Amino acid sequence: MSEPSKTIFSRVVVGITGSGFVSLLRTRTIVALILLLLALVAGIQLARPGTVNAIWISNMMLFAAPLGIVAAGQTLVMLTGGIDLSVASVATASAYLMATHSGLGVALAILYGLGVGFVVGLINGTGVALLRVQPLVMTLGTGLMTEGMLVVYSQKKIGEAPRVPQFIEDLGAGKFLGGIPNDLIVWVPIAIILIFVLRRTGFGRLLYAIGDNSKACTLAGIRVWRILLLNYVTCGILAAVAGLIIVGGTDSAELRLAEVYLLPSVAAVIIGGTSIFGGRGGYSGTIVGALILTVLNSILTLLDVPESVRQILYGAIILLLAAAYTRLTE
Amino acid sequence: MSEAPLLLEARDVAKRFDSVVALKAASLQVRPGEVHGLMGSNGAGKSTLVKIITGVYPADGGQIFVKGAVRSFRSPAEARRAGIVSVYQDPALVPDLTITQNMGLAGAPVDAVRKWLAELGVARLDFSLLVRDLPDPTLRLIDLARALAWEPAVLLLDEITASLPADLSEQIYAMVKRWRERGNAVIFISHRMAEVSALCDRATVLRDGVTAGVTERAQGSEERIVALMLGAETARAVASAPSTRATRQRADDAQPALEVRGLRCAPQVNDVSFKLYPGEVLGIAALEGQGQEELFDCIAGSRRFDEGAIVARGKELRLRHPADAIAAGIVLVPANRLVALLQQRPIPENIALPAFGRIRNWGPIRIREERTRVASAIGRLQIDTRAGSELRRLSGGNQQKVVIARWLASGFDILLCFDPTRGIDIGTKRQIYALVREIAAAGSAVLLFTSELPEIPLACDRAVVLFGGRVVAEMPVSEADEATLLRSAHGLAPSVEASS
């Protein structure tokens with residue numbers, strides 16, 4: 001039943017986006033995505049001439065970095081055919097714990113924050129890899145629990161008000177050399193390492209292999225649980241890092257700080273061409289995906305589009321690209 | 001010819017699936033008041049013929065007559081209205097519905113089903129139970145009772161006793177006889193020769209999609225059925241029997257590469273023991289479902305067993321994961337290559353996969369080294385890589401080669417090959433068997449199961465026959481002609497052959 005409807009849907013998509021773009025998406029995903037990004041930038045320049053300048057570009061990078069880092073962990077998990085819905089709660093909790101421990105010094109405070117990511121990632125990994133809980137269910141559960149525990153913690157810890165240290169503030173909001181955002185110092189190395197890991201290491205190979213056929217990996221003598229455990233821990237830590245950058249940007253550790261990053265983190269991965277069934281994709285696509293979402297947000301803010309329209313557009317873009325990608329795998 | 005009018009006749013039925021010819025010219029004549037056996041080795045076309053008769057598939061050629069009139073059914077429901085009902089190999093019941101709901105789904109009269117179940121010895125069964133909570137034998141009986149409730153003139157039973165305990169099988173034999181006495185016909189498909197010769201009035205034997213002959217119940221009909229199943233194939237297999245093979249001298253105290261002792265893995269594997277020596281290809285012959293698949297899984301570490309021991313080079317193995325078996329040098333080429341391969345990944349990644357089982361290989365890949373290793377495996381197996389980089393674009397035969405190439409690239413002592421030539425063309429088959437011989441000649445040991453018995457003498461040094469999860473015969477390849485294997489695989493004593 002779903003087969004013909006999918007075809008009809010993707011035919012409609014081709015009608016809208018043009019089959020040239022779809023075939024480009026097939027052969028050179030990254031080029032097609034960059035073209036899409038440039039089209040959006042051109043669009044904003046047409047709609048509000050003069051918007052696109054060095055400061056705007058620098059701001060886009062600044063805003064895209066935390067999303068790119070959350071989506072980095074999400075890419076790793078989605079490549080294995082999983083998903084991590086706890087990333088937003090982890091980012092928030094990481095920021096909050098860091099802020100309430102800032103009295104101990106920045107380094108220790110950061111360790112507290114990253115510790116949250118490690119612990120939640122370990123629990124997610126144990127559930128998914130060893131107890132074989134569905135990733136969606138597992139991470140939804142741990143995400144809610146993290147959120148709830150954070151509320152309890154914030155109420156008990158009234159004495160020690162959260163404070164964002166200057167270092168974190170600089171990291172999340174500052175720029176250097178006349179416009180390069182500081183958070184790129186974190187994002188760029190993460191991106192380089194991740195792309196290398198996925199393309200050129202045994203660990204990366206195994207992520208794709210597990211996403212393609214986990215049973216085949218077991219038969220080839222691979223203890224799949226080890227990879228998955230390590231993967232969810234990495235995803236948790238990356239979410240925690242993103243949380244620190246986000247709180248540096250807003251300068252106030254709130255209990256719903258990173259909530260808005262959850263769905264965009266998944267969306268950036270899907271737009272970037274990683275299959276939700278795993279086994280295909282990569283981080284470079286996700287980077288462009290994160291940039292596309294950030295620019296889109298900027299356009300909609302500039303045009304003063306109401307939130308409802310924004311959501312509709314957001315959803316439509318994900319659907320159209322997802323449909324274009326399904327055509328590739330047919 | 002025909003004294004009594006035929007109840008059902010199939011005349012020269014043909015059927016092909018894409019390029020595979022399942023039936024060429026199958027004919028079957030069923031008289032009223034008879035139990036008619038339908039025999040043939042795996043892939044002879046029995047199930048396809050049953051499915052054409054009952055309207056599951058359309059035939060490509062030939063005709064079906066019911067009570068003398070040409071009919072062609074477009075669905076099982078249509079066949080049922082004409083009085084032809086089949087009980088298929090697997091229970092056709094929805095697990096998440098109750099029995100009553102299942103009967104409603106098929107439009108079966110519940111009261112009649114209940115009555116027939118009582119006749120089959122299941123008097124008190126709660127029809128509001130979910131099907132998934134019922135044991136398999138009960139499901140078979142429900143399936144049969146549902147078929148009987150439609151009062152079919154022709155009842156087809158496809159291997160109904162295969163998974164049943166002896167007492168329930170007896171119930172079914174009694175019911176089959178009763179059905180015959182009412183002037184109806186029963187078409188009975190079974191791999192159990194003893195059952196067929198006891199129950200069936202006549203038997204039609206299919207071979208390679210053609211009706212090879214029809215036998216009447218008489219003295220020696222078993223032998224005749226075996227002969228018909230074999231046909232001219234025997235001659236061909238014997239003619240091309242292994243000649244290149246050097247008969248290796250094996251010292252009596254040589255250490256086996258692999259020894260299986262009293263292996264039990266309930267309920268399929270009951271008691272299996274054998275030794276496999278270095279440089280040897282040991283063939284496993286068995287009909288479908290005699291425990292061979294589970295046996296291979298146990299040795300490969302992907303299934304836990306209940307009792308017994310698996311010993312490699314004198315050391316008893318603790319097999320809790322395929323990785324344990326691979327570490328001990330035991331590797332598996334499984335029955336279904338789809339479970340072993342990464343369909344969306346390129347060929348080299350598929351071949352290099354096992355290397356990453358070790359944590360020390362999780363780091364940067366030495367690309368050049370990997371490329372050399374993969375290229376030599378691809379070359380040795382002559383894998384045709386022109387079809388593209390993604391594995392799913394390769395043909396079945398080439399995919400199978402990739403599975404073998406993977407283990408050649410990573411190294412092993414003992415190769416477990418489960419039906420490596422299933423659904424593969426002749427040329428590739430030859431290549432695979434030549435390679436198996438080559439592997440053995442290089443000193444490794446090979447355990448080979450094949451569903452095609454003529455292939456055993458072609459590739460193996462020795463053969464072991466499984467029946468009902470037990471080793472029932474062991475023989476050197478010189479005695480393992482197809483007739484002997486087939487007889488043993490049907491659970492018949494090999495002594496029958498001695499008299500002929």
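Note that the coordinates shown come from a computational prediction; the quantities given were computed from them, not determined experimentally. Worth knowing before you read on, the calculation uses all heavy atoms, side chains too, and leaves out hydrogens, waters and symmetry mates. Below, chain A is the first sequence line, B the second, and so on; all start at residue 1.
The minimum heavy-atom distance linking Arg280(A) with Gln344(B) is given by the pair NE-OE1, 2.5 Å. Taking each heavy atom of Ala220(A) and Arg406(B) in turn, the nearest pair found is CB-NH1, 4.2 Å. When all heavy atoms of Ala352(B) and Arg205(A) are compared, the closest pair comes out as CB-NH1, 4.2 Å. Of all non-hydrogen atoms in Ala216(A) and Leu342(B), the two that sit nearest each other are CB-CD2, 4.1 Å. Contact record, Arg223(A) with Ala323(B): NH2-CB, 3.5 Å, taken as the closest heavy-atom pair.
In this structure, Asn213(A) and Gln343(B) have side chains that are not in contact, with every pair of non-hydrogen atoms separated by 4.5 Å or more. Between Phe356(B) and Ile227(A), the closest side-chain pair of non-hydrogen atoms is not below 4.5 Å.
Options Ile222(A), Leu206(A), Asp212(A) differ in how many heavy-atom pairs under 4.5 Å they form with chain B, and the most are formed by Asp212(A). Of all the listed residues (Ile326(B), Ile367(B), Val339(B)), the one sharing the greatest number of non-hydrogen pairs under 4.5 Å with chain A is Val339(B). Contacts with chain A were tallied for Leu332(B), Val331(B), Asp324(B); Asp324(B) has the most, counting heavy-atom pairs under 4.5 Å.
Between Trp362(B) and the options Leu230(A), Thr201(A), Val197(A), a side chain to side chain contact (heavy atoms under 4.5 Å, CB included) holds for only Leu230(A).
Taking CZ of Phe203(A) as the start and CD1 of Ile359(B) as the end, the distance is 11.0 Å to the nearest 0.5 Å.
At most 12 heavy atoms of other shown residues, nucleotides or ligands fall within 6.0 angstrom of atom CZ in Phe277(A). Heavy-atom neighbours of Arg373(B) CZ from other residues, nucleotides or ligands within 6.0 Å: above the threshold of 12.
Interface residue Leu219(A): backbone and side-chain heavy atoms are both found under 4.5 Å from chain B.
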